[in-house]
Amino acid sequence: MTIAAPTAETRWRCTLCGNLTRFDVTRSSKVIEFLHFDLAGEAKVEETEVVTETLESVRCRWCNAVDQVELVARPGAED
């Protein structure tokens with residue numbers, strides 16, 4: 001089961017315990033990074049572009065339920 005990421009109008013909620021604030025998220029990302037190396041050879045990421053990102057699973061931190069998370073409207077979000 002895949003789930004969409006929260007937006008400005010939505011947030012996650014565990015359907016089993018009602019948790020709205022704590023989740024463990026497993027995601028896969030493909031990114032392009034621009035690395036800048038100083039003269040000593042230390043790298044620093046200066047730019048990151050996310051090419052693709054997939055949410056693989058969301059686990060409730062309170063009750064450990066896996067794939068029991070739904071998107072619900074945020075309070076005060078415009079309909």
Side-chain angles (χ1 to χ4, degrees):
M1 175 182 171
T2 59
I3 186 166
T7 65
E9 294 83 27
T10 61
R11 64 182 176 175
W12 285 332
R13 178 184 176 278
C14 178
T15 59
L16 295 180
C17 72
N19 170 30
L20 293 166
T21 60
R22 303 285 191 265
F23 301 95
D24 289 318
V25 178
T26 303
R27 74 178 82 216
S28 296
S29 299
K30 182 177 180 180
V31 299
I32 298 171
E33 295 180 331
F34 170 65
L35 299 175
H36 178 222
F37 291 86
D38 64 17
L39 295 177
E42 297 294 321
K44 178 180 177 185
V45 177
E46 291 193 351
E47 293 177 18
T48 301
E49 175 187 346
V50 178
V51 178
T52 61
E53 184 172 64
T54 304
L55 292 176
E56 295 178 6
S57 69
V58 179
R59 182 174 61 88
C60 176
R61 199 70 188 260
W62 288 359
C63 70
N64 285 324
V66 178
D67 295 330
Q68 294 296 317
V69 176
E70 64 182 355
L71 281 175
V72 296
R74 289 182 191 256
E78 299 283 328
D79 289 327

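Residue indices begin at 1 and follow the sequence shown. Below, each value reflects all heavy atoms present in this structure, side chains not excepted, and no hydrogens, waters or symmetry copies.
Follow the hydrophobic side-chain contacts under 4.5 Å out from Val25 and you reach Ile3 in the same cluster.
Nearest approach of Ala65 to Leu16, heavy atoms of both residues: CB-CD1, 3.4 Å. Closest non-hydrogen pair, Leu71 versus Ala4, comes out as CD1-CB, 3.7 Å.
For residues 31-50, no residue pair satisfies the salt bridge (Lys or Arg N to Asp or Glu O under 4.0 Å) rule, not counting sequence neighbours. Within the structure, every pair that satisfies the ring pair (Phe, Tyr, Trp, His ring centres under 6.0 Å) test and touches residues 19-51, not counting sequence neighbours, is listed here: Trp12-Phe23. Sorted by first and then second residue, the ring pair (Phe, Tyr, Trp, His ring centres under 6.0 Å) pairs involving residues 55-75 (not counting sequence neighbours) form an empty list. Residue pairs satisfying the salt bridge (Lys or Arg N to Asp or Glu O under 4.0 Å) criterion with at least one member in residues 12-29, sequence neighbours excluded, are listed as follows: Arg13-Glu70, Asp24-Arg59, Asp24-Arg61, Arg27-Glu53.
Separating the CG atom in Asp67 from the SG atom in Cys60 is a distance of 12.0 Å, to the nearest 0.5 Å. The structure places CZ of Arg11 at 9.0 Å from OG1 of Thr21, a figure rounded to the nearest 0.5 Å.
Taking Ile, Leu, Val, Met, Phe, Trp and Tyr as members and joining any whose side-chain heavy atoms lie under 4.5 Å apart, directly or through other members, the hydrophobic cluster of Val51 also contains Ile32.
The side-chain heavy atoms of Cys17 and Gln68, taken from C-beta on, include no pair separated by under 4.5 Å.
Every residue two or more places apart in sequence or in another chain that forms a side-chain hydrogen bond (donor to acceptor under 3.5 Å, both in side chains) with Ser28 is listed here: Glu56.
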